[in-house]
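Below is one structure, written out as structure tokens; comments come after it.
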Amino acid sequence: MKTLRVTPLMATAVCAMMLSLALGSVSAAEPTIKKDRTLKVVVTLDGAQEWKNGIQWTKGKTSQRYEISTALRSDGKLYGANYLHLDTNTRLAIKTEYLRQQGAEKIKEAGLDPHSPQLRQEISRQMQKEIYACEGDSACRGQTNNKWAMIMAAAVAPDNSHIFEQGEPRYLFYFGYPGCKNVIHAQNVIEAEGETGLGQEVKELSPYKLQMRGDSAGTPQEQKSLCEYFSVVIDTIDDKMYVENVNMPSARGTAVRTEFGKTDRRDVEIPNAAPLQAFVNTTLRGPANFSGDARETLSLNLPLDGNSTVLGHFTGEGKASLTWSFE
């Protein structure tokens, strides 16, 4: 048998090839971490509804569309537990430990003594002082509450670091941040016609008509608050996402109501259909794909205009759609 002579040049080439393959396999195994992502959600509803109360009646319809888009940011660290775990008790324990770890650093930043016997009282005092300084600004109050919730967790919660150490590092946490780029667009049209009357024993009916139309892009305060509202978790192994509750905006516009021969017109905030919020949250609670769409038929058995004082029976249904992406 002829023996193959390995020259130094061949040995170098083989080593280079093996190193290249090894580096390639490591690179393929590591997840690509994108620290900045944008969550976009678009929800629509088209439905019809009827109302009856004795001889009184109305027939109505609605067309609604809501779009939100907001930027979120991750610290790029992989955690061993899901901040938005589907089990309520487990999620609470994970959140508490995460807040405790974040708060330990913020205690130092706030110039507090972590070993002081008066630590809790000092935290409460400074928190109230900062909340008062917000002067009613809801976004400022939210930021302040989050900051001091972390600090208080660090002061009172036991060290449960094992929660993150017992699992394989696989979860990325994304949170909103001040000054993010976002979009809010809410559209809502509600129309109803029928006959209504006065008193408990209605004997005479009067024509009834309602028109509500709204198309708005959110107030500066709502846009500011949206920047810090959302939390999203990515499972880098399963390639799935978990989204904390999605708060759909309300459209602002006008309501024109005609009854008993009089017409009233006013500026209003038009509520979205009650079951729409639950449909969105249930779909995105996870595990969900990074993008997708969903369809569902919803029961519309509550007044579309949000007037809960109206007696009688509401029936109807609406076709709802949801599209989302986290890119």
Side-chain angles (χ1 to χ4, degrees), residues 37 39 41 43 66 68 70 72-75 77-106 120 123-124 127 138-139 141-177 225-249 271-292 294 296 298-299 302 320 322 324 326:
R37 286 177 176 261
L39 176 67
V41 178
V43 187
Y66 307 97
I68 55 174
T70 187
L72 293 94
R73 182 167 291 160
S74 170
D75 61 7
K77 179 181 177 181
L78 291 172
Y79 293 87
N82 185 350
Y83 183 83
L84 298 179
H85 196 286
L86 296 180
D87 177 75
T88 303
N89 292 330
T90 304
R91 181 169 66 250
L92 178 60
I94 294 170
K95 281 189 171 186
T96 300
E97 175 56 21
Y98 178 80
L99 290 175
R100 188 197 67 79
Q101 292 184 11
Q102 298 296 309
E105 293 299 320
K106 293 186 179 296
R120 296 188 194 184
I123 289 173
S124 296
M127 180 179 69
S138 60
R141 290 173 65 92
Q143 294 172 23
T144 303
N145 282 324
N146 287 339
K147 168 188 170 181
W148 289 99
M150 291 180 181
I151 292 176
M152 185 62 80
V156 303
D159 186 335
N160 287 320
S161 303
H162 66 276
I163 289 177
F164 290 113
E165 296 168 356
Q166 62 190 6
E168 180 181 3
R170 59 190 288 178
Y171 299 103
L172 285 169
F173 299 170
Y174 287 82
F175 301 104
Y177 55 90
S225 297
L226 185 65
C227 275
E228 299 183 58
Y229 181 84
F230 284 96
S231 301
V232 177
V233 170
I234 284 181
D235 184 338
T236 61
I237 293 181
D238 290 344
D239 281 335
K240 297 292 183 180
M241 60 182 273
Y242 299 77
V243 182
E244 199 150 29
N245 295 337
V246 178
N247 184 27
M248 302 306 302
N272 52 43
L276 200 58
Q277 187 78 62
F279 162 59
V280 175
N281 287 337
T282 300
T283 305
L284 295 183
R285 186 170 295 130
N289 293 326
F290 294 157
S291 63
E296 190 167 321
L298 306 178
S299 296
L302 294 173
L322 163 66
W324 73 89
F326 190 46

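Atom set for the values below is all heavy atoms of this structure, side chains included, hydrogens, waters and symmetry mates excluded. Since this is a predicted model, take the numbers as computed values, not measurements.
- For T90, the side-chain hydrogen bond (donor to acceptor under 3.5 Å, both in side chains) test picks out D87, with sequence neighbours left out.
- Taking 4.5 Å as the limit, some side-chain heavy atom of L78 sits within range of a side-chain heavy atom of T236.
- Shown here are the salt bridge (Lys or Arg N to Asp or Glu O under 4.0 Å) partners of E97, two or more places apart in sequence or in another chain: R100.
- Here the closest non-hydrogen pair linking T70 and L226 is OG1-O, 3.6 Å.
- Side-chain contact check for Y171 versus I237: every heavy-atom pair is 4.5 Å or farther apart.
- Within the 4.5 Å cutoff, the side chain of L322 has heavy atoms near those of the L284 side chain.
- In terms of heavy-atom proximity, P275 sits nearest to S299 at CG-O, 3.4 Å.
- The side-chain heavy atoms of R37 and I234, taken from C-beta on, include a pair separated by under 4.5 Å.
- Taking the ring centroids of Y98 and F175, they lie under the 6.0 Å cut-off.
- Partners of R73 by salt bridge (Lys or Arg N to Asp or Glu O under 4.0 Å), not counting sequence neighbours, listed by chain and number: D36.
- Note that the OG atom of S231 and the CG atom of N245 stand 10.0 Å from one another [nearest 0.5 Å].
- Within the cation-pi definition used here (under 6.0 Å to the ring centroid, within 45° of the axis), R91 does not qualify as a partner of Y242.
- Considering only heavy atoms from C-beta on, T282 stays 4.5 Å or farther from E296 through its side chain.
- For the pair R120 and M152, the tightest heavy-atom approach, listed with the atom from each and the gap, is O-CE, 4.0 Å.
- The shortest side-chain heavy-atom distance between E244 and N281 does not fall under the 4.5 Å cut-off.
- The two atoms that bring T283 and A294 nearest to each other are CG2-CB, 4.0 Å, heavy atoms only.
- Of the possible donor and acceptor atoms, one in the side chain of D235 sits under 3.5 Å from a partner among the backbone N and O of D238.
- Residues satisfying the side-chain hydrogen bond (donor to acceptor under 3.5 Å, both in side chains) criterion with N289, sequence neighbours excluded, are K240.
- Note that CZ of F326 and OG of S291 are 12.0 Å apart. Values are rounded to the nearest 0.5 Å.
- Rounding to the nearest 0.5 Å places CG of L72 at 9.0 Å from SG of C227.
- Taking 4.5 Å as the limit, some side-chain heavy atom of L276 sits within range of a side-chain heavy atom of Y66.
- Qualifying side-chain hydrogen bond (donor to acceptor under 3.5 Å, both in side chains) partners for Y79, counting only residues two or more places apart in sequence or in other chains: D75.
- Atoms CD1 and CE, on I68 and M248 in that order, are 5.0 Å from each other to the nearest 0.5 Å.
- Note: F290 CZ to D239 CG = 5.0 Å, rounded to the nearest 0.5 Å.
- Looking at residues two or more places apart in sequence or on another chain, you find no side-chain hydrogen bond (donor to acceptor under 3.5 Å, both in side chains) involving Q102.
- Of the inter-residue distances, the one linking H85 atom NE2 with L92 atom CG reads 12.5 Å to the nearest 0.5 angstrom.
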Pair Q101-F164, side chain to side chain contact (heavy atoms under 4.5 Å, CB included): steps then yes or no: CA-CA 11 Å; Q101 292 184 11; F164 290 113; 3.6 Å; yes

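- Side-chain atoms of V41 and V243, non-hydrogen and from C-beta on, never get closer than 4.5 Å to each other.
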